[in-house]
Every structure is written in structure tokens, then in C-alpha cells.
There are 2 protein chains.
Amino acid sequence: MAGCSITTVSHYFSGKRPVSPTMGQQIQRAADLIGYRPDPIAQAFATGRTAVLGVQFPFQGDSLVSNPYFPAMLESVSVAAAGINCSILTIPRSFESYDIDRKALLERLDGVLLIDPWEDDPQLEKIVDYGIPIVAVGRLLRRSDVPWVDNDNESGIRQVFDHLIEQGYRRPALMTARVNYAYTYDIEATYRREIQRRGLQARIIRTSDYSERASEDDARRLLDTPDRPDAVIASTDSQAVSVLRVALELGIRVPDELAIIGEGDTVLARTAIVPISSVRINIEGLVRSAVEMMSTLLNALDADYPRLLPVTLIERASSTRHSGD
Amino acid sequence: MAGCSITTVSHYFSGKRPVSPTMGQQIQRAADLIGYRPDPIAQAFATGRTAVLGVQFPFQGDSLVSNPYFPAMLESVSVAAAGINCSILTIPRSFESYDIDRKALLERLDGVLLIDPWEDDPQLEKIVDYGIPIVAVGRLLRRSDVPWVDNDNESGIRQVFDHLIEQGYRRPALMTARVNYAYTYDIEATYRREIQRRGLQARIIRTSDYSERASEDDARRLLDTPDRPDAVIASTDSQAVSVLRVALELGIRVPDELAIIGEGDTVLARTAIVPISSVRINIEGLVRSAVEMMSTLLNALDADYPRLLPVTLIERASSTRHSGD
DNA sequence: CTGAAAGCGCTAACAT
DNA sequence: ATGTTAGCGCTTTCAG
């Protein structure tokens with residue numbers, strides 16, 4: 001020990017008590033010298049925590065299974081959790097399929113992160129009611145008592161409208177899916193608002209799920225008519241790709257006769273045959289924000305939610321008519 | 001305490017010392033009564049472990065990003081880890097992109113699980129050389145010192161051949177990708193062996209990556225000729241779907257004129273327009289087996305690897321000519 | 001086969 | 001602003 005008591009060191013690292021600058025210097029120097037770092041396990045042990053965060057990923061239907069931003073989500077969660085000295089455990093979509101009981105799992109968790117929670121997920125209720133700290137990444141409509149962070153989807157849609165109008169498109173349709181995410185409600189509401197505000201005509205199509213087949217079928221229905229829209233705002237990049245595929249198949253020129261916009265700015269949008277404009281979200285920031293919120297909750301403080309993160313429309317060929325301008 | 005010392009309780013639960021049956025009964029009864037369970041954190045603390053397993057998922061290229069069995073993998077890992085009182089932390093594909101250093105992360109891990117390791121992953125070397133217990137899910141060619149478990153891919157390909165031949169197909173081609181997985185080597189080698197053994201002619205096509213576009217381009221090249229194969233064994237379901245798409249586009253009847261086989265038996269195979277026969281793997285068993293192996297490693301015992309898990313060809317319409325038989 | 005006791009590295013009153 | 005001290009719940013020698 002270089003200069004002071006262990007208590008001061010503890011408080012220096014936790015910041016739970018003021019430490020004089022002089023002392024701080026000494027501690028820091030000594031720590032660097034011997035490569036000291038507080039042991040997370042010992043901390044967890046002493047405070048009675050488990051230092052494990054439960055994470056529920058949106059595996060609800062097989063349809064979402066190949067969600068391309070899923071890996072980024074997982075990585076971000078891991079890194080952010082490590083940042084507050086926690087590790088993670090995925091909460092299975094159904095406890096029955098594995099031979100474990102919910103209680104036993106939840107017992108060893110300090111808190112739970114809900115990624116893109118489904119509104120009518122029956123499991124959700126049970127987790128929330130277990131009385132464990134929870135933060136949702138993606139708004140939760142039903143349970144207003146659950147703190148959440150989300151993308152500023154409203155702003156995203158507004159950017160899309162500004163861009164489309166500027167490019168001369170006047171009949172944008174919206175393609176969403178019949179799933180119970182707050183997200184779909186949000187973009188529908190914003191779409192309607194923008195349509196009305198600009199005196200345009202609304203055209204909304206909801207695919208039965210997020211499968212390629214459903215999207216392509218509905219895209220065909222939407223585009224294979226004389227009064228087809230001149231732009232499609234898809235709720236995911238994968239839907240946007242389906243729309244693009246159908247458009248090309250029908251001989252509709254993109255972007256001349258049809259603009260296509262995706263959401264998420266995933267690899268799908270970037271690598272499509274006609275690169276697709278897409279709303280970029282900040283996954284890392286979103287997750288970091290959620291974990292931060294969880295951290296304050298864990299310290300029995302009140303979290304200030306909701307928190308909205310900015311998104312940016314990335315303009316690509318699929319919606320840019322006069323690329324030369 | 002119901003009847004004995006805390007020491008005996010400890011040994012009863014850990015099984016590290018024989019406990020008389022009588023005593024065992026008493027302990028069990030008392031534990032059930034008060035709902036006692038050993039505290040994993042305290043255990044970790046006392047033994048100097050972190051109770052955290054690092055997991056590296058195959059995010060190497062964007063191309064694998066929408067791997068459909070990925071969520072199942074994650075769930076299985078979480079559940080299996082919980083089974084040995086561990087939680088997990090995902091090792092980012094690049095430490096640079098996040099502001100953390102490798103040492104700091106690896107330091108808080110008891111061991112690392114490598115999921116489908118890439119042979120020429122530069123990061124792999126560093127993790128292995130760090131000297132932490134490692135188990136690979138999916139064979140590692142380069143580092144024979146790393147314990148691994150894998151699917152019995154050889155058996156899978158053999159089942160495919162048996163089935164195809166039985167259905168009257170005689171010119172099966174193999175479609176893999178130019179990626180550095182032991183998996184691709186294994187199936188190529190087995191394919192060649194089976195071809196030779198049966199006196200057939202080999203036809204192997206390697207897509208540049210696992211993107212849809214690459215697969216469709218190569219599928220077109222493979223099928224749009226007079227001397228096209230009468231069966232395609234794809235290395236993934238996603239490739240199989242691409243082959244199917246191209247075949248239908250070219251007016252080739254599946255399965256009459258062309259059989260298509262996938263690998264992994266994912267949702268993609270089941271929901272394709274023509275349901276695709278696919279080799280089912282046992283993800284949960286694979287992961288459980290790996291974690292088990294890790295557990296013995298953690299206890300400083302020698303693991304008996306390799307371990308191969310059985311796979312089963314699921315026959316569907318895409319390769320079944322006489323469905324009525 | 002069972003007990004006693006030390007101690008893992010930290011936190012959190014309580015005291016100064 | 002800093003120090004003292006008592007544990008957190010387990011594992012693990014060492015001793016019966």
C-alpha cells in the first residue's frame with residue numbers, strides 16, 4: 001500500500017467519497033505500478049450483487065432470426081456491460097425448451113435488458129413482475145413503468161419525407177409488418193402525420209411477418225398496378241431489398257420510377273444491387289445508453305427516461321434521382 | 001445449520017469430498033426447506049475465478065451476419081454457461097472499434113469459447129496465446145492444441161449421397177464458399193471421397209463469400225448450361241435457397257430435374273417455396289458438449305477431445321422425386 | 001467421514 | 001478527508 005489505507009483506495013476507485021487530489025495521484029501511481037485494478041468479483045460479492053445482466057433478444061418469431069444488426073447488438077451489450085463490470089446471460093425465449101426454471105435464472109441477475117421487446121410477449125410480464133430492474137431498448141407501449149431508450153424514429157421518418165419530397169417523389173407508401181413492436185406504431189403514426197401535413201395521400205401496407213416471401217408478395221401487390229406509389233418506405237432493410245427485387249422483376253426503374261428507403265442501414269442496404277438509402281441508427285450508443293441507465297437503476301437512483309437517440313438518413317442511389325447535380 | 005458443519009455442506013454440494021448418505025439427506029432436506037443454493041458469486045470469489053466465459057461468435061465478415069442459427073447458438077451458450085454457474089461476455093471482432101483493451105477483457109474471463117473459428121482470424125492467435133482455457137465449437141485446423149467439438153460433417157455428406165443416389169441422382173455438384181472454416185474443408189474432402197468411391201464425377205463451385213449475390217451468380221453459372229448437375233449440395237441453407245431461386249428462374253423443375261440440399265436445417269430450408277432437404281445439426285448438444293469440456297478444463301482436468309456430434313439429413317421436397325412411393 | 005478456522009478483496013458503517 | 005473494522009458466503013488446509 002502506497003501512502004494510505006485501503007478504504008481510501010476503494011473510495012478513490014468508486015468515487016463514492018471525495019479523495020484529495022494529492023492522495024488520488026499517489027493511489028493512481030501505485031496502482032499503475034503494480035497493475036492494480038479493483039476485482040469485480042470481490043466487489044460483487046461484497047455488495048451482494050451478481051454482476052450479471054440478463055438480456056432478452058428479440059427471438060420471438062423465426063422471422064426475425066436473421067436480423068442483421070443482431071450481432072452488433074450482442075457485441076455492444078457485452079462491451080457496455082463489461083464497462084459497468086457486468087457480464088451477461090441471454091434469457092431464452094422459452095424456459096420450457098431448456099430444462100431450467102425462470103426463478104433460478106432471474107435470481108442470479110442484477111437486472112434485465114429487453115432488446116426490442118414485443119408488446120404481447122407473455123414472458124415479458126413475468127420478468128417485469130419479478131421486480132428486477134429493467135431497461136428496454138426500444139419503447140414499450142404497454143408498460144409505461146419500464147424505463148427505455150429508443151431511436152428517434154419520428155425524426156428518421158421526417159428526414160425520409162424531406163429527402164423524398166426534395167427528390168420530387170409525391171406518392172410515398174409505407175411498408176411495415178404486422179408485429180407488435182412500438183417501432184411499427186411509431187413509424188406508422190409519423191408517416192400519417194407527415195402525409196397529412198404535406199397534403200399527400202397515405203398508402204400503408206402491412207406484411208404478415210418479416211419473411212422475405214411475405215414482403216415480396218406484398219411488394220408485388222403494391223407495385224404491380226397502374227396507380228402504384230412512386231416511393232416505398234420500408235420498415236426494415238430486408239423489406240426494402242424485397243421491394244427492390246420485385247421492382248426490378250417488374251421492370252420498374254429504381255430510382256427513376258420508384259424510390260426505395262430502408263431502415264437500419266445494415267449491410268443489406270449497402271450491398272443491394274441498387275444501393276438502398278437507409279436510416280442509420282446508432283446501435284452502440286443506444287445500448288450504451290441503456291446500460292448506463294441500468295447502472296443508475298442498480299445504484300437505486302432514478303433513471304431519467306425516455307431517452308431518444310438521433311438517427312440519420314443515409315442517401316444512396318435507390319432514392320437519388322439526379323445523381324449528377 | 002441443520003445437523004452438521006458448513007464445511008460438510010460445501011462438500012456435499014461440490015462433491016469434492018465423500019459425504020455420508022445420512023448426512024446428505026439431512027443437508028438436502030434442510031436446503032430444500034429454506035430454499036438454499038450455493039451462491040455462485042461467493043464461490044467464484046473464494047476460488048479466485050471470475051465465473052465469466054468469453055465467447056467469440058463468427059462475425060468475421062458481414063457476410064455471415066445473418067446466419068440464422070446464430071440466436072440458437074447464443075441461447076444455448078447462455079443456458080449451458082449458467083449450468084456451470086458462469087455468465088458470458090462476447091469478445092468483439094475488433095478490440096479497436098471499441099475503446100477497450102484485450103488484456104483487460106481477457107483478464108476477467110475464466111475461459112473462452114470459440115464458435116466456428118475462422119482459420120486465419122488474426123485475433124484468434126492472440127487469444128490462444130494468452131494462455132486461457134479454450135474450447136472451439138467447430139474444428140480448428142491450425143491449432144491442434146485447442147480442444148474442440150464439432151458436428152459429424154462427414155456423416156452428413158455421406159447421408160446426403162446415400163439419399164441422392166437412392167433418389168436416382170447421379171451428378172451431384174458441391175457448392176461451398178471460399179472461407180477459411182474447417183467445415184468447408186471437411187465437406188469438400190468428404191464430397192470428393194464419396195464421388196470417387198461411387199465412381200462419379202466431381203463438380204465443386206466455391207462462391208467468393210456467403211452473400212446472396214455471390215451465391216446466385218455462381219448458381220446461375222452452374223445451372224445455366226446444358227451439362228448442368230442434377231443435384232446441388234449447398235454448404236448452407238442460405239446458399240441452397242439461392243440455388244433454388246435461380247433454378248426456378250431458369251425454369252428448372254425442382255426436384256424433378258434438380259435436387260437441392262442445404263445444411264443446418266434452418267428456418268430458411270423449411271420455409272423455402274420448395275421445402276429444402278437439409279442436414280440437421282444439434283446446436284444445443286454441440287454447445288452443451290463444449291461447455292462441459294470447458295468445465296473439465298476449468299477444473300484443471302484433461303478434456304478428451306475431439307468430440308463429434310451426430311447429424312441427420314431431413315428429407316424434404318427439394319430432393320424427393322417420388323413423393324408417393 | 002467430519003470440523004474448525006483462516007482468508008479470498010472488497011464495501012460500508014462508524015469513528016476520527 | 002481519511003482510517004478501523006466487521007463481515008459478505010464460500011473454499012480449503014489442517015486436524016481430528
Side-chain angles (χ1 to χ4, degrees), chain A residues 1-52 82-87 104 107-111 295-301, chain B residues 1-52 82-87 104 107-110 295-296 298-301:
Chain A
M1 230 165 305
C4 69
S5 83
I6 184 174
T7 309
T8 312
V9 178
S10 169
H11 289 304
Y12 171 71
F13 281 103
S14 71
K16 290 202 178 179
R17 216 164 73 170
V19 172
S20 79
T22 334
M23 205 72 259
Q25 302 268 323
Q26 290 183 9
I27 296 178
Q28 191 55 264
R29 202 145 18 85
D32 289 347
L33 198 64
I34 63 171
Y36 168 86
R37 262 186 307 209
D39 178 347
I41 302 299
Q43 283 177 305
F45 176 59
T47 55
R49 300 235 187 99
T50 64
V52 180
I84 61 166
N85 277 332
C86 285
S87 55
E107 227 167 40
R108 46 194 346 288
L109 265 29
D110 278 347
S295 180
T296 74
L297 248 43
L298 257 28
N299 293 322
L301 305 173
Chain B
M1 226 167 307
C4 69
S5 82
I6 183 174
T7 309
T8 310
V9 178
S10 169
H11 289 304
Y12 171 71
F13 280 104
S14 72
K16 291 202 176 179
R17 213 164 75 170
V19 172
S20 78
T22 334
M23 205 72 259
Q25 302 269 324
Q26 290 183 8
I27 296 178
Q28 190 57 263
R29 202 146 16 88
D32 289 347
L33 199 64
I34 62 170
Y36 169 87
R37 263 186 307 209
D39 178 348
I41 302 298
Q43 281 177 305
F45 176 59
T47 56
R49 299 231 189 105
T50 65
V52 180
I84 62 166
N85 276 334
C86 284
S87 54
E107 227 167 40
R108 47 194 344 288
L109 302 178
D110 278 347
S295 180
T296 74
L298 256 27
N299 293 321
L301 305 173

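First the proteins, then the strands, lettered A, B, ... as listed; each starts at 1. Only this structure's heavy atoms are used, side chains among them; waters, hydrogens and symmetry mates stay out.
- For DNA chain D, the residues of residues 35-44 of chain B within the heavy-atom distance limit of 4.0 Å (strictly under) are Tyr36(B), Arg37(B), Pro38(B), Asp39(B), Ala42(B), Gln43(B), sorted by number.
- Remark: Lys16(B) is not in phosphate contact with dT11(D), judged by side-chain N or O atoms under 4.0 Å from OP1 or OP2.
- Here the OG-CE distance, from Ser5(B) to Met23(B), works out to 8.5 Å after rounding to the nearest 0.5 Å.
- At whole-Å resolution of the value, CZ in Arg108(A) and P in dC10(D) are 13 Å apart.
- The phosphate of dT2(C) (OP1 or OP2) has a side-chain N or O of Ser20(B) nearer than 4.0 angstrom.
- Rounded to an integer number of Å, the gap from Phe13(A) CZ to dG9(C) C1' is 13 Å.
- Closest non-hydrogen pair, Asn85(B) versus Arg108(A), comes out as OD1-NH2, 2.8 Å.
- Asn299(A) meets the side chain to side chain contact (heavy atoms under 4.5 Å, CB included) test with Arg49(A), Ser295(A), Leu301(A); sequence neighbours excluded.
- Put simply, the side chain of Arg49(B) and the base of dG9(C) share no donor and acceptor less than 3.5 Å apart.
- Within the structure, no pair that satisfies the salt bridge (Lys or Arg N to Asp or Glu O under 4.0 Å) test touches residues 14-30 of chain B, not counting sequence neighbours.
- Counting non-hydrogen atoms under 4.0 angstrom, Thr8(B) reaches the backbone sugars and phosphates but no base.
- Among residues two or more places apart in sequence or in another chain, the side-chain hydrogen bond (donor to acceptor under 3.5 Å, both in side chains) test is passed with Gln25(B) by none.
- Summarising the geometry, the separation between NE2 on His11(A) and P on dA15(C) is reported as 15 Å, rounded to the nearest angstrom.
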Give the table of side-chain donor-acceptor pairs shorter than 3.5 Å for residues 34-46 of chain B, with sequence neighbours excluded, one pair per line with atom names and distance.
from: Arg37(B); atom 1: NH2; to: Glu107(A); atom 2: OE1; distance (Å): 2.1
from: Asp39(B); atom 1: OD1; to: Ile41(B); atom 2: N; distance (Å): 2.8

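- Thr7(A) contributes a side-chain N or O that forms a donor-acceptor pair with the base of dT4(D) under 3.5 Å.
- The nearest whole Å value for the distance from the CD1 atom in Ile6(A) to the P atom in dA6(D) is 14 Å.
- Atom CG in Asn85(A) sits about 16 Å away from atom P in dG9(C), given to the nearest Å.
- Computed from C1' positions of five pairs at each end, the angle between the two local axes of the helix from dC1(C)-dG16(D) to dT16(C)-dA1(D) equals 30°, rounded to 10 degrees.
- Checking the phosphate oxygens (OP1, OP2) of dT11(C), no side-chain nitrogen or oxygen of Thr47(A) falls inside 4.0 Å.
- Scanning both residues, Asp110(A) and Leu298(A), for their nearest heavy atoms gives O-CD1, 3.6 Å.
- The minimum heavy-atom distance between Ile27(A) and Val9(A), with the atom names listed, is CD1-CA, 4.0 Å.
- Taking the nucleotide of DNA chain C with the nearest heavy atom to each of Phe45(B) and Pro18(B), the more 5' of the two is matched to Pro18(B).
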